[in-house]
Structure formats: structure tokens, C-alpha cells
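This report concerns only the one structure given below.
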Amino acid sequence: MPLETWRVWPSREALSREARTGARRALAWLTRTLTLGGLLWAAIAEARGWPSVGLVAGALCGFGAAGAVLWAYFRTTLEHRLWPSVGLLAVLVGGGFVAHAAGSGFAAAALWFGSTVVAMGRLPLFAALPMAVAALTAYGVMQGSDNALTGVLTSAGIVLVGYVSRLDSEARGNTQRLLVQERAARKAEAESAALAERARIAREIHDVLAHSLSAQAVHLEAARMLIERGAEREEVLRRVIDARRMAREGLAETRQALSALRGEMAPVEEFLRELVSIEGAGLELAGESRALPAEAGLAVRRVAQEAMTNVRKHAPGAKVDLRLEYRPEEVELVVRDSGGRRPVDNSLEASGAGYGLRGMRERAELLGGALDAGPAEEGFVVRLRVPA
């Protein structure tokens, strides 16, 4: 047995009663009550003849004092205070000598055996064994025995009872610790899930607003420039109508985002067809079409929207082509633009939060996929791959 094992206290969970169920506590109290009652009756019955009032009172006082010392011993061992615990246990062992001198050998044996059991159950082994040996030696010397083997076997049995009680308490304490850790883990998991859901909602809100509001800003800015140049009323009105249309589409996208959060989404291909029809882009489908998991489908939608938004902001007038390819274990979306030929309005370029590419990349990595974005020979390319 390692040296450290001899120095270790039983855990606080093992020494306390918190790990015990209500039924176990009730059974423990019933057992103690019956045991103390039996010991008291046996101690009184040792007296010959009818017990006197003084004898009964003395027995009650003795058992009360032993109970108080035992309660204090339980408290000091719970606090892992070694020397006060050893001192109180020595008082119990000494109480056995007092009981023996008073003519109650049964009460003396109960104190010595009880001291052995609680020493083995609640003290470090390096202190428990000497106290157990002292108590059992007192029993053997004071009580005497014609059969030494019987005394040795009785002493070994009492030590074994105490050690088994220690192991049972430790097992119960370990169970309590595991239960506390499991509850803490569940709480942390719930908090983590709540934070992840908040982050997901934040990404959806950012993506919807970045797509719809930036488009409205483009049309409204164009309307402002037309007004400043004194353009025809019909041309300005067309820009305002386009801005209103984008606002309506933004509301529709918000509803779609809420539906996606509830797990209710239209097929990805249908969404992309609607998107390219609005933006005037091209769409190519490759591979065998199939339903995508909710998170993968949502990632494809949002990356397509964000890529189109970036084209409007940074490359107005560019030709845009989308390609969605179904592969055996993943789906790939490629958004490629030809590069804008119109001058970029810096005020529009500065609109939005500025975290579009970063948000798209984080979304892909959360799903175990990847996103690459950068300039190509002509224009800019965004490539998304997610497991599906």
C-alpha cells in the first residue's frame, strides 16, 4: 500500500451525511436507536436483582456522555482535525475503563469495539490502526479470555467491520462527487448551448441585415446622386421603388431566418434560384441533388447572400455566377464575379459591420468545413465547402 494512502483522510463527502438518501438516513437513525437501546438494557441487566434508580441514572449519564464525545468526534473528523479527533477517541477508550471499573463489562466492550470501528472508518490509517490496537488491547487485557484465538478473531473481525465501513463511505462519497461533477457539467453544457444559440442568432441577424440594408443603401444612395444631378422624376422614382423592394425582401429574409432557426426551410436550390433572379446572376447545379442538413443548408444560403452583398458593395456592375455542387460527403458553393466596371462609392463600401468574410469563415469552421475567399484572374471568388 502506498505511503500516501496511510496519510489520507476519508473525503468530506464520505464523512458527511449529504450523500445519504432520506431512506438511508432514517434506517441509520433506527439502527442507532435500537443499538443504543439494546446496549443500555444489556448494561443495566448486568446488575443482579432489580436495578436501582441510581444505577439507571448512572447508565443514562454514561451513555449520554459517550454520545456527546462521539458527536464531537464526528465533527472534528469531518473538519479533518487530527489531534482533537485522536483526543476524543482516547476519551472513549478511557470511558471503557470507567465502565469496566463500575462493573459493566458489556458497556466497556461496546465502547472499545465502537472506538475501533469509528477509528478505522473516519481517521487516516496511520492514526486509526494504533487507536484500534489500543482499544482492542484494552478489551483483551481487561475482559480476559480463556481462548486466545477467539479474542484474536474477534478483534480482527471488529477491525474488518471498521475498514469495510470506511470503504462503503468512500464509495458513497465518490458517488456524491461524481453526481456533483455531472450536475456542474450539465449546467456548463446548458450555458454553452445557450451561448452558442445566441451566437447563431447574432450571425443570422448580421447576415440578414448586411444583405438587405446594404442593398437598400445602394439604391437610396443612387437616388440621392440622381436628385443632385437633377435627373428625371421617373428615374429617381425607380431607384426609390427598388429600395422599397429590397426592404420587403429584407423582411422576407428575416422571416426565412426565423423559420430556419425553427428548422423550417425551403430547399436550398429554390432559394438560390430566387436570389440569382433578383440579382441578375447565373446559377449552375452539379451532382445529384439531395436535401441538406439544416445547418449546412443555412450556411450555403448565408454565404451566397453575403457574397452577393460584397459584390454590390465592392464590385458594382460585375457579372456574378454561382455554382452549387453536390459531392458524396460534402457540398460546395462557388460564387465568382468578373470584377466591377463602375466606380466604387466609398460610402457604400464602408457600410455594414465589416465582418462579412470573417463571419462566413467562422460559420463554415463551426460545421467542420472551410471557406476560401480571394482575388482570381478576373474578379473575386468565394468557395464554401461544408459536410452534408
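It should be emphasised that the depicted structure is a prediction, and the values quoted were computed from it without experimental measurement. Computed over heavy atoms, backbone and side chain alike; hydrogens, waters and symmetry mates excluded.
Once rounded to the nearest 0.5 Å, the distance linking CG of Leu322 with CE of Met308 reads 6.0 Å. Atoms CZ and CD, from Arg327 and Glu329 in turn, are 11.5 Å apart once rounded to the nearest 0.5 Å. We find the OH-CG distance between Tyr163 and Asp168 to be 13.0 Å, quoted to the nearest 0.5 Å. The OG1 atom of Thr175 sits 11.0 Å away from atom CD of Glu170, with the distance rounded to the nearest 0.5 Å. In this structure, CD in Glu269 is found 10.5 Å from CZ in Arg290, a value given to the nearest 0.5 Å. Rounded to the nearest 0.5 angstrom, Thr76 OG1 and Leu82 CG are separated by 9.5 Å.
Note on Val117 and Val133: separate hydrophobic clusters, where clusters join Ile, Leu, Val, Met, Phe, Trp and Tyr whose side-chain heavy atoms are under 4.5 Å apart, directly or indirectly. Side-chain heavy atoms closer than 4.5 Å link hydrophobic residues (I, L, V, M, F, W, Y) into clusters, and following such links, possibly through other members, connects Phe126 to Val93. At a threshold of 4.5 Å between side-chain heavy atoms, the hydrophobic network of Ile, Leu, Val, Met, Phe, Trp and Tyr places Val98 and Val91 in two separate groups. With hydrophobic clusters built from ILVMFWY side chains whose heavy atoms lie under 4.5 angstrom apart, Ile158 shares a cluster with Phe97.
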### Task
Would you check, one step at a time, whether the test side-chain contact (heavy atoms from CB on, under 4.5 Å) holds for Leu285 with Arg273?
CA-CA 10 Å; Leu285 300 175; Arg273 288 191 182 95; 3.4 Å; yes
### Task
Decide side-chain contact (heavy atoms from CB on, under 4.5 Å) for Ser155 and Phe113; before the verdict, give the C-alpha distance in whole Å, the side-chain angles of both, and the deciding distance to 0.1 Å.
CA-CA 8 Å; Ser155 300; Phe113 288 163; 5.6 Å; no
### Query
Could you go step by step and tell me if Ser115 and Met131 meet the side-chain contact (heavy atoms from CB on, under 4.5 Å) rule?
CA-CA 8 Å; Ser115 298; Met131 295 303 299; over 6 Å; no
### Query
So Leu324 and Glu284, side-chain contact (heavy atoms from CB on, under 4.5 Å) or not? Walk me through it.
CA-CA 6 Å; Leu324 180 66; Glu284 177 186 355; over 6 Å; no
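No donor-acceptor distance shorter than 3.5 angstrom exists from the side chain of His80 to the backbone of Ser11, with no hydrogens or angles considered. A distance-only check finds no donor-acceptor pair linking the side chain of Trp112 to the backbone of Ala138 [under 3.5 Å]. No donor-acceptor pair under 3.5 Å is formed between the side chain of Ser192 and the backbone N or O of Ala188. Of the possible polar contacts, one joining the Tyr73 side chain to the Val118 backbone as a donor-acceptor pair under 3.5 Å is found. Without hydrogens or angle criteria, Arg229 side chain to Arg224 main chain gives no donor-acceptor distance under 3.5 Å.
Here the side chains of Thr116 and Tyr139 are not in contact, with every heavy-atom distance at 4.5 Å or above. Side-chain contact between Ser169 and Leu15: absent, with no pair of heavy atoms (C-beta onward) separated by less than 4.5 Å. Considering only heavy atoms from C-beta on, Tyr326 comes within 4.5 Å of Leu292 through its side chain. You'll find the side chain of Leu333 stays beyond 4.5 Å of the side chain of Val331, heavy atoms only. Put simply, the side chain of Met120 reaches to within 4.5 Å of the side chain of Val159, judged on heavy atoms. A heavy-atom distance below 4.5 Å is not found between the side chains of Val236 and Met225. The shortest distance between side-chain heavy atoms of Leu275 and Leu283 does not fall below 4.5 Å. In this structure, the side chains of Trp71 and Leu88 stay at 4.5 Å or more apart for every pair of heavy atoms.
Checking Val334, Leu371, Asp372 one by one against Arg385, the side-chain contact (heavy atoms from CB on, under 4.5 Å) holds for a single residue, Asp372.
A salt bridge is absent between Arg186 and Glu189: the closest approach of a Lys/Arg side-chain nitrogen to an acidic carboxylate oxygen does not fall below 4.0 angstrom. Residues Arg323 and Glu325 are paired through a salt bridge, judged by an N-O separation under 4.0 Å between the basic side chain and the carboxylate. By the 4.0 Å N-to-carboxylate-O rule, Arg302 lies too far from Glu306 to be salt-bridged with it. With respect to Arg244 and Asp242, no salt bridge is recorded, no charged nitrogen being found less than 4.0 Å from a carboxylate O.
Applying the 6.0 Å contact sphere to CZ of Arg183 captures no more than 12 heavy atoms from other residues, nucleotides or ligands. In this structure, Arg336 places its CZ atom where only 12 or fewer heavy-atom neighbours from other residues, nucleotides or ligands lie under 6.0 Å away. Around CD of Glu228, the count of heavy atoms belonging to other residues, nucleotides or ligands within 6.0 Å exceeds 12.
Side-chain contact check for Thr77 and Arg122: at least one donor-acceptor pair (N or O, by modelled atom type) lies under 3.5 Å.
The minimum heavy-atom distance between Gly96 and Ala108, with the atom names listed, is O-CB, 3.2 Å.
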